[in-house]
Amino acid sequence: MTRTLNATLQPLDTTVPDPALICLIGPAGSGKTTLASTWHPTQVLSLDQYRALVSGQAGDQAATGDAVLVLHRVLEARLRRGLTSVIDATNCEKTVRAGLVQAARRYGIPTVAVLMATPLPVCLARNADRSAERRVPEDTVRAQHRAAVDAHPNLHHEGFDHIVFASSLDRLTPLLERATAERRSELGWDGGEGLGETLLLRRIFGPDIARLAEWREGSTLAGGDRVVELRAGSDALTLALRLDVDGEGDVGFDVLVACPVGEDDTADGEPCPGPAWVPVHSALDLHRAHRGELDTDEDLRCAHCGYQNTEIDQEAVDHFVGAEAVEDDAYDKAPAA
């Protein structure tokens, strides 16, 4: 019969001092990383993250030794500065917990053991759903669960100042407070400048793309709409911010592409110089544009020659490439009536 941790049978302790060393204890799949994410990212020391840093793969168990060394160096630096640190690892082994408690004691930082009382079947199911890289053998999960249950009665004797069940913690309030503060800062509601149009870039393409943005003030490339360049090294994409998409007041972005009208389609034998634009709605669209996959997109529009929907507006093309001059010349050479 599988034993479980039962928070309802224990004296309720919800004390989490600040600063503190917070040691999450639970098997793979118990929800430690989800709980850890309710603290500020700089406060969380994740063993998976350090494995990824030293080996390139979060699930590389062979890199655990090196990852632990790096984690402890960072932890020591934070403890020395009196900062709260959350250890996101299984921490089911007594020797591992002892090292953490000793480190905190050296700097007079309180220690908190946070027990994940997640039932074993739930842990096993979550672990089975993980990618192959992060999946832990089932017998290992079972052993971790047994070790966590066995550890509970002895945690005070190990030196922990507070033993807390995760289910008794209110982590929603601080998470919402932090998210609200970040949102107010983005919008400029905290007295700062905010992100402005960059907020829209973040929402559509993500923060990694948005931080590349350089707005080209005064550019006439997009017919009066604002132009932004996304540059990384020698490569770049150019976007136009459209404030009235389809005449319905929607806001979005177009990406600059080459006009498909070639020299065989024009009266003067020169390809259309563009600019041509295609709507983009995600980072995937930007990737496709960068690879040239949107150069013949059905939504492509050329502001120069009038190309759209794979049909060439020959009247517009003739106008822009000077066909009118050709017609005038032909008229001059025609016999008088």
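For the single chain, residues carry numbers from 1 onward in sequence order.
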Discussion item. Rounded to the nearest 0.5 Å, what separates atom OG in Ser219 from atom CD in Glu229?
Written reply: 10.0 Å
Worksheet item: In Å and rounded to the nearest 0.5 Å, what is the CG to CD1 distance from Leu100 to Ile22?
Response: 12.5 Å
Worksheet item: Heavy atoms, side chains only, cut-off 4.5 Å: are Thr238 and Val227 in contact?
Response: yes
Practice prompt. Without swapping roles, check the side chain of Asn91 against the backbone of Ala89 for a donor-acceptor pair under 3.5 Å.
Written response: yes
Discussion item. Let me confirm one number: the CD-OG1 distance from Gln61 to Thr140, rounded to the nearest 0.5 Å.
Written reply: 8.0 Å
Worksheet item: Sub-3.5 Å donor-acceptor pair from the side chain of Thr38 to the main-chain atoms of Leu35, do we have one?
Response: yes
Response to the item:
CG (Leu47) and CD (Gln49) are apart, to the nearest 0.5 Å, by 10.0 Å
Discussion item. Closer than 4.0 angstrom, basic N to acidic O: yes or no for Arg142 and Glu138?
Written reply: yes
Fill in: Shortest non-hydrogen contact between Ile25 and Ala113, atoms and distance
CD1-CB, 3.9 Å
Worksheet item: If only atom types and distance count, is the side chain of Thr220 paired as donor or acceptor with the main-chain N or O of Gly223 below 3.5 Å?
Response: no
Item to complete: Say whether, by atom type as modelled, one donor and one acceptor occur between the side chain of Asn127 and the main chain of Val136 under 3.5 angstrom.
Response: yes
Response to the item:
For Pro19 and Ile109, the nearest pair of non-hydrogen atoms, with its separation, is CG-CD1, 4.0 Å
Fill in: Inter-residue atom distance Asp299.CG - Leu294.CG, 0.5 Å rounding
9.5 Å
Discussion item. For a 4.5 angstrom cut-off between non-hydrogen side-chain atoms, does Pro271 reach Val261?
Written reply: no
Worksheet, complete the sentence: In short, Leu230 meets Ala213 closest at the heavy-atom pair CD2-CA, 3.9 Å
Item to complete: Keeping the roles fixed (side chain from Asp60, backbone from Ser55), state whether a donor-acceptor pair exists under 3.5 Å.
Response: no
Fill in: Closest non-hydrogen atom pair between Gln144 and Cys92, with its separation
O-SG, 3.4 Å
Practice prompt. Output, in order, the C-alpha distance, side-chain angles, deciding distance and verdict of salt bridge (Lys or Arg N to Asp or Glu O under 4.0 Å) for Asp190 and Arg184.
Written response: CA-CA 6 Å; Asp190 60 348; Arg184 289 178 61 85; over 6 Å; no
Practice prompt. Please say whether more than 12 non-hydrogen atoms of neighbouring residues, nucleotides or ligands are located less than 6.0 Å from CZ in Arg73.
Written response: no
Fill in: Side-chain heavy-atom pair Leu120, Val141 within 4.5 angstrom cut-off
yes
Worksheet item: Which pair of heavy atoms, one from Ser37 and one from Arg178, lies closest together, and at what distance?
Response: O-NH2, 3.4 Å
Discussion item. In the structure I gave you, are the side-chain heavy atoms of Ser85 and Gln43 within less than 4.5 Å of one another anywhere?
Written reply: no
Worksheet item: Taking the side chain from Thr198 and the backbone from Ala210, do they hold a donor-acceptor pair closer than 3.5 Å?
Response: no
Item to complete: Only counting residues at least two apart or in another chain, list the ones meeting ring pair (Phe, Tyr, Trp, His ring centres under 6.0 Å) with Phe160.
Response: none
Response to the item:
Nearest heavy-atom contact between Thr111 and Val101 is CG2-CA, 4.3 Å
Practice prompt. Can you establish whether the number of heavy atoms outside Arg81 located under 6.0 Å from its atom CZ is more than 12?
Written response: no
Worksheet item: With no hydrogens and no angle check, is any side-chain donor or acceptor of Asp170 less than 3.5 Å from a backbone partner on Leu172?
Response: yes
Practice prompt. Decide yes or no on salt bridge (Lys or Arg N to Asp or Glu O under 4.0 Å) for Glu158 and Lys94, but give the supporting numbers first.
Written response: CA-CA 8 Å; Glu158 291 181 18; Lys94 182 177 180 178; 5.3 Å; no
Worksheet item: Counting distance only, does the side-chain N/O of Arg51 pair as donor-acceptor with the main-chain N or O of Ala58 below 3.5 Å?
Response: yes
Discussion item. In the structure I gave you, are the side-chain heavy atoms of Leu115 and Leu155 within less than 4.5 Å of one another anywhere?
Written reply: yes
Discussion item. Using only atom types and a distance under 3.5 Å, with no angle test, would you say the side chain of Arg231 pairs donor to acceptor with the backbone of Leu212?
Written reply: no
Worksheet item: For Tyr50, which residues count as a ring pair (Phe, Tyr, Trp, His ring centres under 6.0 Å) partner, sequence neighbours excluded?
Response: none
Worksheet item: Would you call Arg216-Glu214 a salt bridge at under 4.0 Å N-O?
Response: yes
Worksheet item: Strictly by modelled atom types, are His156 and Asp161 linked by a side-chain donor-acceptor pair under 3.5 Å?
Response: no
Worksheet item: Just wondering, do Met116 and Phe165 contact through their side chains at under 4.5 Å, heavy atoms?
Response: no
Fill in: Backbone N/O of Leu124 and side chain of Arg126: donor-acceptor pair under 3.5 Å
no
Fill in: Distance (rounded to the nearest 0.5 Å) between His290 NE2 and Asp285 CG
14.5 Å
Discussion item. Taking Ile209 as the starting point, is it possible to reach Leu241 by hopping between hydrophobic residues whose side chains are less than 4.5 Å apart?
Written reply: yes
Discussion item. Is any side-chain heavy atom of Lys32 closer than 4.5 Å to one of Thr90?
Written reply: yes
Worksheet item: Is any side-chain heavy atom of Val86 closer than 4.5 Å to a side-chain heavy atom of Leu45?
Response: no
Worksheet item: Knowing that exactly one of Trp277, Trp215, Phe205 qualifies, which makes a side chain to side chain contact (heavy atoms under 4.5 Å, CB included) with Leu239?
Response: Phe205
